Amino acid sequence: MGIFSLLEEARARIDEGEQGAARALLVEGLAGATSATGADEACALAEATGLLIGLDVEIEQPETIDRHLERLAALTDGVDDERTAEALAYAELPRIEFVHGLDDVDPVLHVEVLQRAVALDARWRDSPHAGVRRAAAEAALTAQMIRKWLGQSPSSIAVALDELALRLGGEADQRSASIRLEAMFTASRLRVENDLDLSGVPEVLDLVVREARSGPGSAGFALDAALLLADIAIAEGAPALEAVAPVRRLLADGLGEPGVQRARRETRHLEEILDRLDGADRDAVAAEEWSALLGRYAADADADARSLVLSDLLRHVGPTAYATASGLALLREADRVFLSDDDPRSALARFGVAARIASVLGHPDGATAAREPSSPERDPVAAVAASFAVEERFAAFWDDVETVPMMAALLLDRALRQSDLGGRDDALSTLARLSANVRSTGRDIARSERVQAGYWESRFLRDAGQQDASRKAIDEVLAEFSADPSGDVRRWAANALWSAWRSDLTGQTESRELRRLFAERFADDPDVRIRRLDATRMLGDAVESHEQGSTGAAIDLLRALDARFGDADDDDIQDTVRRARENLRILSLMPGADAASGDAATERYRSLRDRLYAADELAEKGRVAEAEGLWRGVVEESAGTDDVDVAMLRLAALDAWAGWLQDAKYWEQVATLARQATVIRAGSDLRAERVQARAYLRLGMALGALGDPRGAIAAYEALDALAEGETDGELATTRQQGVYNRAIMIDEIGDVAGALAAYEHVVAVHGQSVDTASGRLRCAKALRNQAILFGGLGRTAEAAGAHRRVLDIGAGTADADLMVRVRASAFDLAACFAALGDHASEAATYAWIRSAPHLGLSAAEVRSAARAEKVARRRAR
């Protein structure tokens, strides 16, 4: 095979994704290649070798790549024109440029490639051939990118990029101009991002904008540079809306050649603009700019460009549950301006917009108010009408197996909205048509939509009182989907049984049969969502057995549940296991277990238990004085018992009684009862330990309120020791509250050193348990209190460290109470740096404050931070 045929065949194989076949072809073909007789053959040999190097560089040793290049040099020896020189250089570039497509590269490999890139640049940069100098620039740019990935000095990388841009100033080809623009922009961005000297940076960025506007393929650099100029202006205190105005003008100019690449660039930069705005400004600009984009692309000749704009609009609006009123308005505008588009190539995107409109109109929860106060009004009537219109417009989707699932999802959503409107028969009809239309394709598709249709059909029929029809629908779902390879599908089949046996409309006998059927079909299912249902099934079976008098059977079921799920690592399953174990403890005392029904100890237990239940009911009805009489009786009659189960009832009475007294702030009585509840019998179970922990917490609170801080501290320390190392969630939470209260108490008595250590202990204790919103808030409060103490001692650096830890705790949170502390610590941290004379860090902190949208700062606060940053930067010089 000649070199030209070899090259053509190899390209075709690579384009088809057959890299292995292409490599084998190139290895064989180049091994038998003959020397080039001219520039055309030399260039073809160089390109083929470059393809082989690109395929081999990640899997072969460096020596293999060296042999490829040595053979190429031998085959092209004697051909020394400019075109061949350029081809030879570009054949070697894949040896370094492959790193751009890798993730998580070993730093050692990066260093090796960096050395090769530097060597190539040094070898080629002074070539008399423009194409070889361009290859050198490619290598130089790659070298600086690798240095950035390796975390090397941003300042030195920026300088090196400046030098690269300077040396390319005299090159006439477009690719060199593009590399020059990238070098100038990247150098500027490094200086901005790393708080380096910005002298001359705005001028360089202005130059990038001017040159990129006129350069083919460089429009992205113009927009990127304009965005960076906006960031600089915002940092200097300019209003964000004013700062992004030049970027909006560039966007409106439609830079570059029309088509999908420009569409992708414009939607990406529009979102970048919006990311720099807040509140009403963001909404207004989004409405104006997206409207303009939709108008420009509705008549675009490129169907891929039209589709991309609509798809990116869907991403901008977000999922149905998060769509805002302004987002819905944009969807409607897109649907309107693209209504005349009947190109099949854009149909998927147009369908997505129309279907999302119907979904947003009918979504049960409306939009998320946190994103926009003006949520779209829910209108299920309009949603159903819109759904019918979408199906009519895109009826051809029923004829294509790739789009049938989308139509099925549309009808499924419509059925739920029809049910919301009280049209149960309409909903059932829609579900039946969904299943019939899918089956008419003759293919096994849309299984997720069909199993959900079966689930809802059984629900709607049961709600209509058609129990036999509902059961038939369940049986059909199980027959087809209970063994489906997809857990997502099996889950809906399992849910059909689960919702049926839990329904008040299902009789006891039928419910029992459904649970038996669940065990038969799903007891060994590996999907954790189904295993959760199975655990609740077994617990329900045990409860029913006990209620029917079969306590022994109930105990067997509870033990089986513990054996099957006791080691599960799912929190929901573990909650079910804990309830099973607690029930097992109680049921073991019941008649029908190990004790005869007339056993005196059992009768005593049952009498005390019933009085305890009665006291709880009286208290809930507001008859607390009567409840106290019953609690007192249970406590007195069970005092001194050696029976751990009777002792548990005593603890429960003390716990409930103290809880009501705590709410009423009767602290002396709370302290008396809490002291009694801190003592538990040997062999007591987890329930007793939880009561004991709460008793220590209440005792500490009561003693603190009664003016005995040292007694309160001792109670909290006893709780800390009691719960240390425990993994139970309730014990951990009680301990967390106790160590926090202890720290506050130590702080209040003026023991500064003790308080500093106590606050640190609060954070350490929380770090041993599952992260929760309340726990994060306690840690933030503790660290802020610690920072205040450090500040009072003049230990400003340690105060800064505490504030920085508050910021770490608040990363990614939306909790309003926590964010109050995070915002305060952000500004306090900057103040600490100012007090330390570290104005560079002060400025960096203010810059972070402005760029952190989760802080929820007002526009005035952002401007204040920008002014403070500017002052700090002046002081840092």
Side-chain angles (χ1 to χ4, degrees), residues 252 254 256-268 270 286-320 323 326-362 376 379 381-415 417 430 433-434 436-438 440-443 445-446 449:
E257 293 297 318
V260 69
Q261 293 301 325
R262 188 173 83 177
R264 180 176 291 110
R265 181 172 62 247
E266 291 181 348
T267 58
R268 177 174 70 83
L270 173 52
E288 183 177 341
E289 295 295 345
W290 268 110
S291 180
L293 271 180
L294 292 170
R296 289 204 297 273
Y297 282 95
D300 196 288
D302 189 333
D304 289 337
R306 299 196 304 274
S307 296
L308 182 137
V309 168
L310 292 177
S311 297
D312 283 355
L313 174 64
L314 285 173
R315 274 191 287 275
H316 167 78
V317 171
T320 295
S326 57
L328 176 60
L330 283 172
L331 291 173
R332 283 174 158 160
E333 181 173 2
D335 193 47
R336 177 182 58 79
V337 300
F338 278 76
L339 196 59
S340 60
D341 186 352
D342 57 1
D343 191 332
R345 295 173 297 174
S346 64
L348 282 176
R350 290 184 286 110
F351 173 87
V353 168
R356 184 72 60 84
I357 291 170
S359 179
V360 171
L361 286 171
D379 189 347
V381 174
V384 171
S387 178
F388 275 113
V390 174
E391 185 183 12
E392 182 179 356
R393 282 170 57 190
F394 297 93
F397 275 29
W398 281 121
D399 302 323
D400 186 338
V401 295
E402 297 296 327
T403 52
V404 163
M406 300 176 191
M407 294 297 271
L410 178 74
L411 265 64
L412 181 63
D413 191 61
R414 182 194 306 166
R417 301 295 77 80
T430 299
R433 196 159 69 81
L434 181 162
N437 284 4
V438 173
S440 69
T441 63
R443 292 175 182 255
I445 57 175
E449 290 75 19

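Because the structure is predicted, anything quoted here is derived from the model rather than measured.
In this structure, the separation between CG on Leu308 and CD on Glu266 is 10.5 Å, given to the nearest 0.5 Å. To the nearest 0.5 angstrom, Arg262 atom CZ is 10.5 Å from Asp302 atom CG. Taking CZ of Phe394 as the reference point, atom OG1 of Thr403 lies at 11.0 Å (rounded to 0.5 Å). Of the inter-residue distances, the one linking Leu313 atom CG with Leu293 atom CG reads 9.5 Å to the nearest 0.5 angstrom. Atom CG in Asp300 sits 8.5 Å away from atom CZ in Phe338 (nearest 0.5 Å). His316 contributes atom NE2, which lies 9.0 Å from atom CG of Leu331 (distance to the nearest 0.5 angstrom).
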Item to complete: For side chain to side chain contact (heavy atoms under 4.5 Å, CB included), just list the numbers for Glu333 and Ser291, CA-CA rounded to whole Å, side-chain angles, deciding distance to a tenth of an Å, and then say yes or no.
Response: CA-CA 7 Å; Glu333 181 173 2; Ser291 180; 2.5 Å; yes

Discussion item. Checking Arg433 against Leu411 for the side chain to side chain contact (heavy atoms under 4.5 Å, CB included) test, could you report, in this order, the C-alpha distance in whole Å, the side-chain angles of both residues, the deciding distance, and whether it holds?
Written reply: CA-CA 8 Å; Arg433 196 159 69 81; Leu411 265 64; 3.9 Å; yes

Worksheet item: Should Leu412 and Thr430 be marked as a side chain to side chain contact (heavy atoms under 4.5 Å, CB included) after you check the CA-CA gap, both sets of side-chain angles, and the distance that decides it?
Response: CA-CA 8 Å; Leu412 181 63; Thr430 299; over 6 Å; no

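No side-chain heavy atom of Glu449 sits less than 4.5 Å from a side-chain heavy atom of Val404. Using a 4.5 Å heavy-atom threshold, the side chains of Arg332 and Leu328 count as touching. Contact check for Phe351 versus Arg393: no side-chain heavy atoms found under the 4.5 Å cut-off.
The side-chain hydrogen bond (donor to acceptor under 3.5 Å, both in side chains) test applied to Asp312 returns Thr267, Arg315, not counting sequence neighbours.
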